[in-house]
Structure formats: structure tokens, C-alpha cells
Amino acid sequence: MLLHQIFTATYTVTEQVYKGFISTFADNNPLHTDAAFAKQYGMPQVVMHGNILNGFLSHFIGEELPQKNVIIHSQTINYYLPVFLNDTVTLQAEVAEIHQAVHAILFKFMFRNQAGKRVAKGMVQIGLL
């Protein structure tokens, strides 16, 4: 990988993704599961779990990068806008730092929704095994 190299991947929050997250992690918070509750707090529908984006990031690191001998060392993510069922988000990740001495790469990343609005951004450091 090269410094400032940019990668992109697109994901859709399908019903299968949404129900799979709830089934796996049992996070039934009403903001995520009760449309009336979500509307009471100004949302047009239930809000998808933010950690679904972390799942997409994990898929990107493990499956979309050209190297498969990688492991996530650390990550941070800041959420800016809610993501809803059937939204399509595009992940853009840029190689921000390469630490050859310790075989680590730092990416700065951003998720944008189908309207082009930034919904989240952060950093993820991976190690090369």
C-alpha cells in the first residue's frame, strides 16, 4: 500500500443486516426497533445501530484490501448522522500513515450516505502479520 492511497467500498443496510445484528447482539433499544419511539425523537424511522458501520469497516479491512494478512489494532469512529434501513453507504479510506518498523498502517476513513452526506468518520490502524 502507498501513502495517501484511497480505497472505496459500498454497503447497503439491508433487512438481513439489520435483523442479523439484532439477533446476534440482542440490542433491542427502542430507537433501533420501535418506529413510534424513534419518531417521538424526531427520526423518520428506526435508526440503524452505529456498530453496523463497524461491521462494514471490518469487512473492508478483512476482505477488500489487497492483503489478507491483516489484523485491526485499534479504531475510532465518530457518528454525525443517523443511518436508516436500506440506506447505502460508501466507505472511503485513505492510507494516512505507514509504520514500516512495526508493520502497521493507519487509515483515515469516512462513510457517506446515498445523498453524499457524511454519516461517520474515524481512523483504523491495522497490523500486517
Side-chain angles (χ1 to χ4, degrees):
M1 282 178 251
L2 304 171
L3 193 60
H4 302 298
Q5 186 174 358
I6 296 175
F7 298 88
T8 61
T10 301
Y11 300 95
T12 300
V13 185
T14 63
E15 185 87 16
Q16 181 181 1
V17 169
Y18 169 63
K19 287 184 175 180
F21 186 92
I22 291 173
S23 174
T24 301
F25 298 106
D27 181 350
N28 292 292
N29 180 286
L31 185 62
H32 304 303
T33 59
D34 182 334
F37 183 89
K39 286 180 182 180
Q40 181 180 339
Y41 289 93
M43 299 297 160
Q45 57 181 295
V46 295
V47 175
M48 297 298 98
H49 301 79
N51 279 319
I52 288 173
L53 296 181
N54 285 325
F56 293 154
L57 182 62
S58 179
H59 176 269
F60 166 75
I61 296 297
E63 300 296 329
E64 298 294 328
L65 290 179
Q67 292 179 268
K68 301 301 177 210
N69 59 327
V70 298
I71 189 167
I72 295 176
H73 285 168
S74 65
Q75 70 184 53
T76 60
I77 189 168
N78 297 307
Y79 303 98
Y80 296 99
L81 292 173
V83 173
F84 302 104
L85 186 63
N86 297 317
D87 275 1
T88 296
V89 293
T90 299
L91 169 66
Q92 180 176 323
E94 178 181 358
V95 177
E97 298 175 13
I98 298 173
H99 303 283
Q100 291 181 356
V102 293
H103 307 288
I105 298 172
L106 179 71
F107 288 90
K108 290 183 180 178
F109 67 86
M110 179 182 317
F111 284 97
R112 290 190 182 276
N113 65 15
Q114 63 276 0
K117 294 183 179 180
R118 180 181 68 185
V119 296
K121 75 173 188 174
M123 293 186 291
V124 60
Q125 180 175 303
I126 65 169
L128 303 175
L129 303 174

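Predicted model, so just to flag it, every value in this text is computed and none were measured.
The side-chain contact (heavy atoms from CB on, under 4.5 Å) test applied to Q45 returns F84, L85, not counting sequence neighbours. For H103, the ring pair (Phe, Tyr, Trp, His ring centres under 6.0 Å) test picks out no residue, with sequence neighbours left out. Partners of Y11 by ring pair (Phe, Tyr, Trp, His ring centres under 6.0 Å), not counting sequence neighbours, listed by chain and number: F56, H59. In this view, F60 satisfies the ring pair (Phe, Tyr, Trp, His ring centres under 6.0 Å) rule with no residue, not counting sequence neighbours. In this view, T10 and T88, T90 satisfy the side-chain contact (heavy atoms from CB on, under 4.5 Å) rule, not counting sequence neighbours. Qualifying side-chain contact (heavy atoms from CB on, under 4.5 Å) partners for Q67, counting only residues two or more places apart in sequence or in other chains: M1, N69, V70, L128. Take T14 and apply the side-chain contact (heavy atoms from CB on, under 4.5 Å) test, not counting sequence neighbours, and it matches T12, Q16, V17. Listed by chain and residue number, nothing satisfies the ring pair (Phe, Tyr, Trp, His ring centres under 6.0 Å) test with Y80 (two or more places apart in sequence, or in another chain).
Shortest non-hydrogen contact noted between G62 and K68 is O-CD, 3.5 Å. Closest of all the heavy-atom pairs between P82 and D87 is O-OD2, 4.5 Å.
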**Request:** Please step through side chain to side chain contact (heavy atoms under 4.5 Å, CB included) for the pair Y18 and N86, ending with a clear verdict.
**Result:** CA-CA 9 Å; Y18 169 63; N86 297 317; over 6 Å; no
**Request:** Report the C-alpha separation of V95 and L2 in whole Å, then their side-chain angles, then the decisive distance to 0.1 Å, and conclude whether the side chain to side chain contact (heavy atoms under 4.5 Å, CB included) test is met.
**Result:** CA-CA 7 Å; V95 177; L2 304 171; over 6 Å; no
**side chain to side chain contact (heavy atoms under 4.5 Å, CB included) between I126 and L65, intermediate numbers included** = CA-CA 11 Å; I126 65 169; L65 290 179; 3.8 Å; yes
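A ring-ring contact (aromatic ring centres under 6.0 Å, His included) check over residues 24-55, counting only residues at least two apart or in different chains, returns the pairs F21-F25, F21-H49, H32-H49, F37-Y41. For residues 7-30, the set of pairs meeting the salt bridge (charged side-chain N to carboxylate O under 4.0 Å, His left out) definition, not counting sequence neighbours, comprises E15-K19. The list of salt bridge (charged side-chain N to carboxylate O under 4.0 Å, His left out) pairs with a residue in residues 40-57, not counting sequence neighbours, is empty. Sorted by first and then second residue, the salt bridge (charged side-chain N to carboxylate O under 4.0 Å, His left out) pairs with a member in residues 115-129 form an empty list; sequence neighbours excluded.
Of the inter-residue distances, the one linking E94 atom CD with T8 atom OG1 reads 12.5 Å to the nearest 0.5 angstrom. From H99, atom NE2 reaches atom CD1 of I105 across 9.5 Å, with rounding to the nearest 0.5 Å. Between I22 atom CD1 and T33 atom OG1 the span is 6.0 Å, to the nearest 0.5 Å. Note that CD of E97 and NE2 of H4 are 9.5 Å apart. Values are rounded to the nearest 0.5 Å. Taking CG from D34 and CG from N28, the interatomic distance works out to 11.0 Å, rounded to the nearest 0.5 Å. Here CZ of F107 is found 7.5 Å from CD of Q5. Values are rounded to the nearest 0.5 Å.
Hydrophobic clustering (ILVMFWY, side-chain heavy atoms < 4.5 Å, transitive): I98 and F7 are in one cluster. Under the 4.5 Å side-chain contact rule for hydrophobic residues, F111 and I72 share a cluster. Under the 4.5 Å side-chain contact rule for hydrophobic residues, Y79 and L81 share a cluster. At a threshold of 4.5 Å between side-chain heavy atoms, the hydrophobic network of Ile, Leu, Val, Met, Phe, Trp and Tyr places V47 and V13 in two separate groups. Linking ILVMFWY residues whenever their side-chain heavy atoms come closer than 4.5 Å, directly or via other members, leaves M110 and L57 in distinct clusters.
Side-chain contact between L53 and V89 is present, with at least one heavy-atom pair separated by less than 4.5 Å.
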